[in-house]
Amino acid sequence: MDALPSGFFAKRSILCECTSSSFAAGNIIALQFAWSGPAPRGGQFFLIKPWRSGVFLARPLSVAGWEPRGGPEDGGILRFLAARRGRGTWELADLRAGEEAELSGPLGKPFEAASFPKGPLALVGGGIGIAPLLALAVELGSRPFDFYAGFRSTSFGLESLKARSLAIATEDGCEGLKGRIPDFFSPQGYEAVFACGPLPLLRAVGDACIAGGIPCFLSMEKHMACGVGACLGCTVKTTGGNKRCCADGPVFRAEEIIFDD
Amino acid sequence: MTERTIPKKPAPAPDFTALIAGVRLRNPVIAASGTFGYAREYEGLLDIAGLGGICTKGLTLAARPGNQGRRLHETPSGLMNSIGLENPGIPAFIERELPRLRTLGPAVIANLSGSTVEEYVEGARLLDASEVDMIELNISCPNVKAGGMAFGLDSAAAASVTGPVRKAAPHKPLMVKLSPNAPDLAAVARSCVNAGADALSLVNTFKALAIDIRARKPVFGNISAGLSGPAIRPIAVRMVWELWEVVKVPLVGMGGIACAEDALEFLLAGAVAVQVGSATFAHPPAMTEIIAGIGEYMKEQDLHCLGELSIR
Ligand SMILES: Cc1cc2nc3c(=O)[nH]c(=O)nc-3n(C[C@H](O)[C@H](O)[C@H](O)COP(=O)(O)O)c2cc1C
Ligand code: FES
């Protein structure tokens with residue numbers, strides 16, 4: 001842990017300006033913030049709390065995109081997708097351009113696609129779970145990858161995706177294939193698979209990859225308080241014992257995860 | 001005739017040192033047990049070196065995996081937790097975490113937990129021989145089935161663990177962390193002091209319950225969990241105020257402190273120092289701002305040392 005180059009997982013808490021807030025689809029809002037801290041990687045997340053807030057804790061949101069302004073010290077624009085669920089995410093969705101929020105991050109471990117240089121790769125997301133995969137897709141640049149995205153009814157967030165192929169499935173068949181993504185996904189032919197979304201999707205994709213001997217990385221979601229590994233509240237059960245979703249993850253190898261709930 | 005003004009001497013910077021049972025803290029703000037990991041987790045998010053002290057997560061003799069299932073639940077102005085004392089065990093703490101904690105600057109306070117008197121005593125012995133500055137004896141964890149808070153609920157039980165731990169750790173100042181769930185807190189406090197406590201810290205979390213109305217069952221596997229955060233602060237301040245009249249040892253106050261004004265309430269009520277827990281989750285730089293804010297208040301009120309803050 002200490003062998004990492006210093007600053008690699010550097011994090012900051014900064015009061016930031018929301019530069020844009022727009023409707024994406026259904027209960028999904030796209031948010032942008034001006035960030036002057038360390039650059040994030042795909043798979044990492046931030047804790048976000050509006051400056052004027054009626055809830056106690058900040059909410060964790062995966063980075064969906066990052067546009068550096070210039071050099072590594074110059075900051076840039078952070079992009080997120082937020083789904084309205086409870087009061088905290090309602091507050092985030094109600095943020096308007098010009099208002100401020102405290103952002104702490106980047107937190108957690110990123111997807112490590114660089115260990116699989118031969119490609120092609122598969123990115124598999126369900127609903128709001130596509131967010132970290134969008135950030136990973138940008139990092140992949142010109143490397144070949146296929147993107148599989150499942151939604152309840154309408155797609156969102158895929159506008160500037162540069163995938164070799166894009167498969168969309170919706171549960172009600174309004175767009176793309178009718179059904180759930182695992183029904184249409186096979187890991188065969190991929191060097192590695194990266195997935196994020198609801199537990200049934202993670203489980204199905206993980207099982208298929210394990211059966212096919214394909215390396216697979218799953219981004220997990222848990223209730224969080226500290227987001228940095230200090231409170232031990234976000235336990236993920238693994239074959240190596242309890243791990244902290246926020247600090248040891250959120251990205252885990254599929255074989256490690258013990259799905260029990 | 002011209003009026004002569006006598007040049008005012010610039011006010012000296014207020015003396016921020018807090019003394020708890022012989023341990024000198026550079027300021028009165030301590031990271032509360034279980035909320036600050038082993039400090040490195042928060043690197044970059046606040047000025048760790050500037051803290052007065054750091055309490056470790058509750059440590060038990062042997063490693064513990066903690067509780068199953070859901071561990072956190074947010075409430076209006078608060079947080080419920082059911083972590084269940086997950087920790088690497090005292091030997092692993094001493095070997096792997098303590099050397100680095102020592103180099104940070106703040107006083108290092110080991111939060112000692114256990115299920116039986118024997119387990120507490122064995123742990124105390126190891127900590128006594130280690131480099132920690134102080135032991136905070138946790139007899140107030142509401143999230144474990146055996147021991148923990150059971151020792152903090154009545155005065156006989158509290159003395160039964162405080163006395164032996166005192167004897168097992170003769171070289172370290174001993175602070176006992178009290179449970180707000182004790183029906184007679186004053187009696188427990190008195191009994192801890194009689195059994196050898198050099199200081200008392202309060203409060204640990206309040207036993208509380210949340211129900212998931214969709215799943216139609218309690219949120220937590222253990223049914224109840226511990227409530228912390230701003231919701232509990234006024235009750236915690238009242239408890240510090242009352243104990244100040246009961247015992248003469250230093251009191252370290254906590255419970256819902258989120259800003260300097262909150263911390264000052266405890267210091268005015270008679271606490272010599274404060275601990276900050278859940279607020280760090282909500283706003284990581286909170287403790288750094290609290291330290292600065294206490295200093296500003298002292299200057300504004302023309303107070304020169306922390307002891308002058310108390311209104312008791
Ligand atoms: C997630 C969490 C874990 C905690 N773990 C411990 C612990 O291991 N030992 C202990 O004495 N107190 C523990 N506490 C209690 C805190 O140290 C503190 O007494 C309590 O949270 C009240 O302070 P606060 O309102 O500032 O958080 C824990 C609290 C939280 C929220
Ligand atoms: S949220 Fe605190 S350890 Fe993960």
Side-chain angles (χ1 to χ4, degrees), chain A residues 1-2 4 6-15 37-38 46-51 53-60 86-89 101-108 222-238 240-248 258 260-261, chain B residues 31-46 54 56-58 63-88 96 100 143 219 221 225 228-231 256 258 277-286 288-289:
Chain A
M1 204 176 305
D2 293 330
L4 288 165
S6 73
F8 181 75
F9 288 129
K11 46 190 185 266
R12 293 285 178 272
S13 272
I14 302 175
L15 191 61
F46 281 75
L47 285 180
I48 307 183
K49 188 175 170 182
W51 190 240
S53 170
V55 298
F56 182 51
L57 295 172
R59 292 293 179 274
R87 274 188 59 183
T89 43
E102 181 168 80
L103 271 66
S104 300
L107 305 174
K222 290 278 167 181
H223 289 277
M224 292 184 186
C226 72
V228 300
C231 75
L232 309 181
C234 61
T235 312
V236 171
K237 264 188 151 177
T238 75
N242 285 347
K243 297 224 168 142
R244 302 162 301 177
C245 186
C246 65
D248 302 315
I258 300 172
D260 62 347
D261 37 16
Chain B
S33 175
T35 64
F36 208 60
Y38 301 96
R40 71 178 130 86
E41 294 84 349
Y42 269 104
E43 251 163 51
L45 297 184
L46 74 160
I54 295 169
T56 68
K57 173 71 192 164
R64 290 197 187 189
N67 291 339
Q68 301 273 344
R70 185 78 178 266
R71 289 184 169 190
L72 297 167
H73 177 71
E74 190 177 352
T75 68
S77 287
L79 172 67
M80 293 171 69
N81 88 80
S82 178
I83 310 294
L85 295 180
E86 175 170 349
N87 79 97
R96 287 192 249 135
R100 206 192 28 81
N143 297 323
V219 168
S228 61
S278 314
T280 303
F281 304 156
H283 177 52
T288 305
E289 293 168 10

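Chain identifiers are assigned alphabetically (A, B, ...) following the order of the sequence lines, protein sequences preceding nucleic acid strands; residue numbering begins at 1 within each chain.
The shortest heavy-atom contact between A:Phe56 and B:Pro230 is CE1-CD, 3.3 Å. Here the shortest heavy-atom pairing between A:Val228 and B:Leu45 reads CG1-CD1, 3.7 Å.
No other option in A:Ala247, A:Ser53, A:Gly241, A:Gly229 has as many heavy-atom pairs under 4.5 Å with chain B as A:Gly229. Note on B:Gly277, B:Gly66, B:Gly78, B:Ser82: by heavy-atom pairs under 4.5 Å with chain A, the leading option is B:Gly78. Chosen from A:Lys49, A:Glu102, A:Met224, the residue pairing most often with chain B at heavy-atom distances under 4.5 Å is A:Glu102.
Looking at B:Ser278, both its backbone and its side chain come within 4.5 Å of chain A, counting heavy atoms on both sides. Of the atoms belonging to B:Glu43, it is backbone heavy atoms, and not side-chain ones, that fall under 4.5 Å from chain A. For a residue to count as touching a neighbouring chain, one of its non-hydrogen atoms must lie under 4.5 Å from one of that chain's; by this rule B:His283 touches chain A with backbone and side chain alike. Contact annotation for B:Ala279: only backbone heavy atoms (N, CA, C, O) come within less than 4.5 Å of a heavy atom of chain A. Heavy-atom distances place both the backbone and the side chain of B:Pro65 under 4.5 Å from chain A.
For the atom pair CZ of B:Arg70 and SG of A:Cys234, the computed distance is 12.5 Å after rounding to the nearest 0.5 Å. Distance check: A:Thr235 OG1 to B:Ile83 CD1 gives 6.5 Å after rounding to the nearest 0.5 Å.
Residues that satisfy the ring pair (Phe, Tyr, Trp, His ring centres under 6.0 Å) test with A:Phe46, not counting sequence neighbours, are A:Trp35, A:Phe80.
The main-chain N or O of A:Val55 is never found under 3.5 Å from a side-chain atom of B:Glu74 such that the two would form a donor-acceptor pair. Between the B:Lys57 side chain and the A:Ala230 main chain, no donor and acceptor come within less than 3.5 Å of each other.
A 4.5 Å side-chain heavy-atom check between A:Cys226 and B:Tyr42 finds at least one atom pair inside the cut-off. Taking the side chain as every heavy atom from C-beta outward, B:Phe36 and A:Cys231 never approach each other to under 4.5 Å.
Sorted by first and then second residue, the salt bridge (charged side-chain N to carboxylate O under 4.0 Å, His left out) pairs with a member in residues 79-88 of chain B read B:Arg71-B:Glu86; sequence neighbours excluded.
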